[in-house]
Amino acid sequence: MIGILSSNDMEEEYAKILHSLFRKYKSSFDEDMIVFTTSNINLQKRLVSGTLISQGKLRNVQVPLPNIIFNFSLQREGAGIKVRKALEEMEGLKLINFINKFDQWMIMEIISSNDKVANYALPYFIYDKSKRNYRPEYDKKYLIMPSRGSSLGRLIYAEPDPDPDSDIVRGSQYFKKGHICDYIDASLCQRRWLFIEVPDLVLSNNHPLICRIYMQKNSDNKWDLLKNVFYPDSNVKEVEYLNLKYAEKAAKESIQEINNYLPSIGHCFIDIIFSHEGKGYFLHLGGLDRYFFKELLKGDIGKKFYKNMVSLSRYYRAT
């Protein structure tokens, strides 16, 4: 049996989506699946209660804890994090994607320090709110974001006004020069923020155009591309001029190198931004998000995703 670890509010939805894929694409050799949350795991007895995915109707069952578990959850509470960490350390159990919310500072360090993929990273600086240890230069453009996570809603694009007499920094928001860090200090969000020094970027409505590339590891220990989605708008005319092959190459080579340091990753997305010269640069790494499951997991993508899950579970059992 294959386990699916869900966030507390997504068990029913994941079960319905995966049940549909299971019934469409299951072969006679495939195993049943069970979707569950951390609150329904008995670590001492190695039992779990959850929603069984089989050929019949969905039903609630209690079964032995599967030895292959795909983690699609985001654990925000201490109790859930504690259980998830216990699963990581449990002997005889493989948890695919220990986490789905990454420290982008750590990921940037991995990419920029590796000669194979360093050209996909831009210069970056860490600002610690408690130390106030960095100030951006007035004449440079930046993307600014919290170090942990991949929320596009918290991404700030800042560029100096071309008027030399202006004291305004414009972009996705407007600031007075020297006030961006004050704005961050007033935020209730995270302590550490990344300042990424960017070239002239492809923009849409004063926001960087971002290609979110969803990927999944297959049984050959290589990565398959599943789907590309553009933000803030997939219909903007700028998409026509992007070098998507370069972006996909950047994402694929980046995750292969990241996976050497974080071998538990089996599914993810990578966000790519684009310069006017056509180059793609790394922005974020994240686990599969709710949009992927709700909107994209259909047709050929759903089939590939399901088949990769099954084959990857067999691969890990055999190794």
Side-chain angles (χ1 to χ4, degrees), residues 1-77 79-100 214 216-219 226 264 266-267 287-318:
M1 183 172 288
I2 298 171
I4 307 294
L5 181 59
S6 162
S7 300
N8 290 337
D9 58 343
M10 288 295 290
E11 179 180 340
E12 182 178 358
E13 189 145 14
Y14 282 162
K16 288 179 180 178
I17 293 168
L18 293 170
H19 188 229
S20 175
L21 297 180
F22 183 91
R23 296 185 69 181
K24 285 179 183 177
Y25 306 121
K26 179 182 183 296
S27 75
S28 58
F29 301 102
D30 294 350
E31 307 169 63
D32 291 348
M33 300 182 185
I34 183 168
V35 183
F36 54 90
T37 66
T38 55
S39 60
N40 289 320
I41 300 173
N42 186 323
L43 293 171
Q44 288 71 35
K45 296 182 178 180
R46 293 186 69 135
L47 294 174
V48 63
S49 299
T51 306
L52 180 67
I53 296 173
S54 64
Q55 288 286 27
K57 293 181 179 180
L58 294 172
R59 56 192 177 93
N60 294 324
V61 297
Q62 185 179 72
V63 296
L65 191 63
N67 60 4
I68 301 291
I69 298 175
F70 290 85
N71 179 22
F72 297 143
S73 71
L74 283 175
Q75 302 298 333
R76 295 183 174 89
E77 304 298 327
I81 293 171
K82 185 177 180 180
V83 173
R84 192 259 301 156
K85 286 184 176 179
L87 293 177
E88 292 175 35
E89 299 166 1
M90 192 172 287
E91 187 175 349
L93 185 149
K94 177 69 177 180
L95 183 63
I96 299 169
N97 275 53
F98 287 174
I99 56 173
N100 289 299
Y214 294 93
Q216 186 185 25
K217 191 189 293 182
N218 60 37
S219 58
L226 296 174
S264 88
H267 49 263
L288 297 181
D289 54 15
R290 295 186 181 193
Y291 180 81
F292 175 81
F293 286 98
K294 289 184 176 183
E295 303 295 335
L296 303 180
L297 203 52
K298 302 167 185 175
D300 291 342
I301 296 171
K303 182 177 182 180
K304 179 184 281 191
F305 178 80
Y306 170 79
K307 293 296 184 183
N308 276 346
M309 277 185 60
V310 173
S311 63
L312 191 56
S313 66
R314 290 175 182 158
Y315 167 80
Y316 281 125
R317 283 205 178 94

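The residues of the chain are indexed from 1 along the displayed sequence.
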(message) side-chain contact (heavy atoms from CB on, under 4.5 Å) for Met33 and Tyr14? Distances and angles first, verdict last.
(response) CA-CA 11 Å; Met33 300 182 185; Tyr14 282 162; over 6 Å; no
(request) Run the numbers on Glu12 and Leu58 for side-chain contact (heavy atoms from CB on, under 4.5 Å), then give the verdict. (result) CA-CA 10 Å; Glu12 182 178 358; Leu58 294 172; over 6 Å; no
(request) Report yes if the distance between the aromatic ring centroids of Phe292 and Phe305 is under 6.0 Å, otherwise no. (result)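 Yes, ring centres under 6.0 Å apart.
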Locate the shortest heavy-atom distance separating [X] from [Y]; write the atom from each residue and the value.
| X | Y | answer |
| --- | --- | --- |
| Lys304 | Leu226 | CD-CD2, 3.5 Å |
| Gln55 | Arg23 | O-NE, 3.6 Å |
| Leu95 | Arg84 | CD2-O, 4.0 Å |
| Gly302 | Leu297 | CA-CD1, 3.9 Å |
| Ser6 | Glu11 | OG-N, 3.1 Å |
| Asn218 | Leu312 | O-CD1, 3.6 Å |

(message) With a sphere of 6.0 Å drawn around CD of Glu88, does it hold more than 12 non-hydrogen atoms of other residues, nucleotides or ligands?
(response) yes
(message) I'd like to know whether CG of Asp9 has more than 12 heavy-atom contacts from other residues, nucleotides or ligands below 6.0 angstrom.
(response)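 Enclosed: over 12 neighbouring heavy atoms sit under 6.0 Å from CG of Asp9.
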Whether the side chain of [X] engages the backbone of [Y] through a donor-acceptor N/O pair (distance < 3.5 Å, no angle test) should be reported.
| X | Y | value |
| --- | --- | --- |
| His19 | Leu52 | no |
| Thr51 | Ala15 | no |
| Ser27 | Phe29 | yes |
| Lys307 | Tyr25 | yes |

Side-chain contact, heavy-atom cut-off 4.5 Å: [X] with [Y]?
| X | Y | answer |
| --- | --- | --- |
| Ile34 | Pro66 | yes |
| Lys294 | Glu13 | yes |
| Asn71 | Phe98 | no |
| Val63 | Leu47 | no |
| Lys45 | Gln62 | no |
| Phe36 | Ile69 | yes |
| Ser7 | Leu74 | yes |

First locate atom [atom1] of [X], then atom [atom2] of [Y], and finally report the distance between them rounded to the nearest 0.5 Å.
| X | Y | atom1 | atom2 | value |
| --- | --- | --- | --- | --- |
| Arg317 | Ile2 | CZ | CD1 | 6.0 Å |
| Ser20 | Tyr306 | OG | OH | 11.5 Å |
| Asp32 | Ser54 | CG | OG | 5.0 Å |
| Ser49 | Asn42 | OG | CG | 8.5 Å |
| Met1 | Leu65 | CE | CG | 11.0 Å |
| Met309 | Leu18 | CE | CG | 6.0 Å |

(request) State whether Arg314 and Asp30 are salt-bridged, where the test is any N-O pair (Lys NZ or Arg NE/NH1/NH2 against Asp/Glu carboxylate O) under 4.0 Å. (result) yes
(message) Between Ile68 and Glu31, does the side-chain contact (heavy atoms from CB on, under 4.5 Å) criterion hold? Intermediate values first, please.
(response) CA-CA 11 Å; Ile68 301 291; Glu31 307 169 63; over 6 Å; no
(message) Does Tyr316 form a side-chain contact (heavy atoms from CB on, under 4.5 Å) with Asn67? I'd like the steps, not just the answer.
(response) CA-CA 10 Å; Tyr316 281 125; Asn67 60 4; over 6 Å; no
(request) Apply side chain to side chain donor-acceptor pair (under 3.5 Å) to Asn97 and list each qualifying residue two or more places apart in sequence or on a separate chain. (result) Asn100, His267
